[in-house]
S.K.: 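I'd like to ask some things about the structure below.
Numbers restart at 1 for each chain; the letters A, B, ... are given by sequence-line order, proteins then strands. Quick caveat: nothing in here was measured; it's all calculated off a predicted structure.
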There are 2 protein chains.
Amino acid sequence: MPPRRAIRLVRAAASRPKRQRIRLETDQRRAQLLALAKRSFSDRAYDDVSIDDLAREAKISKGLLYHYFPTKRDLYVAGLSEIADELVAAISNVPEDLAPIDRVRRSLDAYLEHITRHARAFVSLMRGGIGSDPEVAAVVEGVRTRLFDKFLHGTPFAPILRGDARFETAVRGWIGFVEHASLDWCTSARLTRDELRDLLADILHQIMRIAAPSVFPQLAK
Amino acid sequence: MPPRRAIRLVRAAASRPKRQRIRLETDQRRAQLLALAKRSFSDRAYDDVSIDDLAREAKISKGLLYHYFPTKRDLYVAGLSEIADELVAAISNVPEDLAPIDRVRRSLDAYLEHITRHARAFVSLMRGGIGSDPEVAAVVEGVRTRLFDKFLHGTPFAPILRGDARFETAVRGWIGFVEHASLDWCTSARLTRDELRDLLADILHQIMRIAAPSVFPQLAK
DNA sequence: GGCGCTATTGAAACGTAGTCAATAGCCGAT
DNA sequence: ATCGGCTATTGACTACGTTTCAATAGCGCC
């Protein structure tokens, strides 16, 4: 039926194409949009991702997007939080019964494994697309705090030293070290993953020796 | 002369207030705007500083602002670069003839001194108001590279180890450590400045021992 | 087959970055 | 003095992206 096409075109021009509406459950749609946001904000900078783009890619109207996320920033933060949670979760299934030093090494393995798999997302998380937004800062800070806890969880001296300013400064600083080194490493891997892991673990070890001599009296410098 | 006020009001209403134009030399105007930008972007987030605000504060029109800086981002980057230069300059006048370890300690002193004096600017520099902008990233990266050079300049092993991946990873990671620890410290100083300085210096020392055993064979772990 | 609920739309409001032709102050020449 | 040119400066205008909201269409239920 050759006329079909012609008729269609006429109808389209006359009575407006009228894109068919696809109805989704709230949860599904929300999940779809979140996934899209995570991808988009990992690939491009915050300002380079427009609501129009997102809506077009999701094949919905801008209005609907705003129905699910009251603000572009909210959408961004929601995506970032998920990325953050995934990262923390990635190092959370390290066996409990290992020696502290092995736990650290295993955690580092899991951490490095995860960030190589999700390099783009990790970079966009850490570089913090909107540096000065308090919510974004809170997400990043949350990652640090939780990593701090994970890496130290189960070590015998953690309870003793909790609250010790010198110790906490040192370990939190080490987290900064790890972030920095892994960001560098993501963009140009000049060490193997094992070499980096060993280096990071060794340095943590030394840092704890320096920052908590009371626990390592025999090693005092 | 009571009528004065009334006359003024009438004139103002009739023939438009016509704000008087103040002509400035290009350099002065530019300097004024840069200073204003540095202040504003340190106080508020990038998006919360509008060109209209800046123009109003500077008592000039938007158009003129765009005459000096082709883009809001350019203005921001220009301000950020100055802050960055000031930070690097701050640690640049450490005497050349000190022992390496003392140079590091003196540099750290200068660094900490500077960031306490310019805490807000330092924080906005490091948090990188626009995380994903390549120019902004370049400024921050430039600070790191230059700090790296400054801290190591004059040490005997620097030339030997330049290019050694393990060593560079470690020292660059230490820069991350320092940034992180000093950002924390800016917001809540739980150590004295001297304690922090000593901690940072000790850790650098240990890090170099670990990362460059060939230079410290006698200390190999 | 109508009714109500809600996911969805489209257009319009709004704010902010960026443009540009016109203007006003300054200075040197006449 | 004043004219003329140079350039710092203006302000109205455009463009574009976020956000709002009343209207609409799909779906299940009676």
S.K.: Which nucleotide in the set dT8(C), dT19(D), dC13(D) lies at the smallest distance from any side-chain heavy atom of Arg29(A)?
M.R.: dT8(C)

S.K.: Counting only heavy atoms not in Arg106(B) (residues, nucleotides, ligands), do more than 12 fall under 6.0 Å from its CZ?
M.R.: no

S.K.: When you check the phosphate oxygens OP1 and OP2 of dT10(D), does a side-chain N or O of Tyr66(B) lie under 4.0 Å from one of them?
M.R.: no

S.K.: Go through the steps to decide whether Arg103(A) and Glu96(A) satisfy the test side-chain contact (heavy atoms from CB on, under 4.5 Å), and finish with yes or no.
M.R.: CA-CA 8 Å; Arg103(A) 283 181 58 94; Glu96(A) 295 269 342; 4.2 Å; yes

S.K.: Rounded off to whole Å, could you give me the CG-to-P distance for the Leu64(B) and dA8(D) pair?
M.R.: 9 Å

S.K.: Provide, to the nearest angstrom, the distance between the CZ atom belonging to Arg30(B) and the C1' atom belonging to dT9(D).
M.R.: 17 Å

S.K.: Taking the nucleotide of DNA chain C with the nearest heavy atom to each, does Ile22(A) or Arg73(B) sit closer to the 5' end?
M.R.: Ile22(A)

S.K.: Give the intermediate values and the outcome of side-chain contact (heavy atoms from CB on, under 4.5 Å) for residues Phe177(B) and His180(A).
M.R.: CA-CA 8 Å; Phe177(B) 188 117; His180(A) 203 116; over 6 Å; no

S.K.: Is the shortest side-chain heavy-atom distance between Leu54(B) and Leu75(B) below 4.5 Å?
M.R.: yes

S.K.: Pair Leu125(B), His118(B) - check side-chain contact (heavy atoms from CB on, under 4.5 Å), show working.
M.R.: CA-CA 10 Å; Leu125(B) 168 65; His118(B) 306 88; over 6 Å; no

S.K.: What orientation do Phe151(B) and Tyr111(B) show, parallel under 30°, tilted 30 to 60°, or perpendicular over 60°?
M.R.: perpendicular

S.K.: According to ring-ring contact (aromatic ring centres under 6.0 Å, His included), who are the partners of Phe69(B), at least two apart in sequence or on a separate chain?
M.R.: none

S.K.: Applying side chain to side chain contact (heavy atoms under 4.5 Å, CB included) between Val104(A) and each of Leu204(A), Asp109(A), Val94(A), report the one that passes.
M.R.: Leu204(A)

S.K.: Any donor-acceptor pair under 3.5 Å between the side chain of Arg21(A) and the base of dT9(C)?
M.R.: no

S.K.: Just wondering, are more than 12 heavy atoms of other shown residues or ligands nearer than 6.0 Å to CZ in Arg117(B)?
M.R.: no

S.K.: Short of 4.0 Å, heavy atom to strand atom, which residues of residues 47-57 of chain B count as contacting DNA chain C?
M.R.: Val49(B), Ser50(B), Ile51(B), Asp52(B)

S.K.: Roughly, in whole Å, what's the span from CG in Leu65(B) to C1' in dT16(C)?
M.R.: 14 Å

S.K.: I want to verify a distance call: between dT8(C), dG18(C), dT18(D), whose nearest atom is closest to the Lys72(A) side chain?
M.R.: dT18(D)

S.K.: Using whole Å, report how far CZ of Phe69(A) lies from P of dT18(D).
M.R.: 15 Å

S.K.: Check whether the side chain of Lys62(A) and the base of dT19(D) form a donor-acceptor pair under 3.5 Å.
M.R.: yes

S.K.: Whole-Å distance between dT18(D) P and Leu75(A) CG?
M.R.: 11 Å

S.K.: Polar pairs (N or O, both sides) under 3.5 Å between protein and nucleotides 4-7 of chain D?
M.R.:
unit_1: dT7(D); atom_1: O2; unit_2: Arg23(B); atom_2: NH1; d: 3.3
unit_1: dT7(D); atom_1: O2; unit_2: Arg23(B); atom_2: NH2; d: 3.3

S.K.: Take Tyr68(B) and Thr71(A), find for each the nucleotide of DNA chain D with the closest heavy atom, and name the residue whose nucleotide sits nearer the 5' end.
M.R.: Tyr68(B)

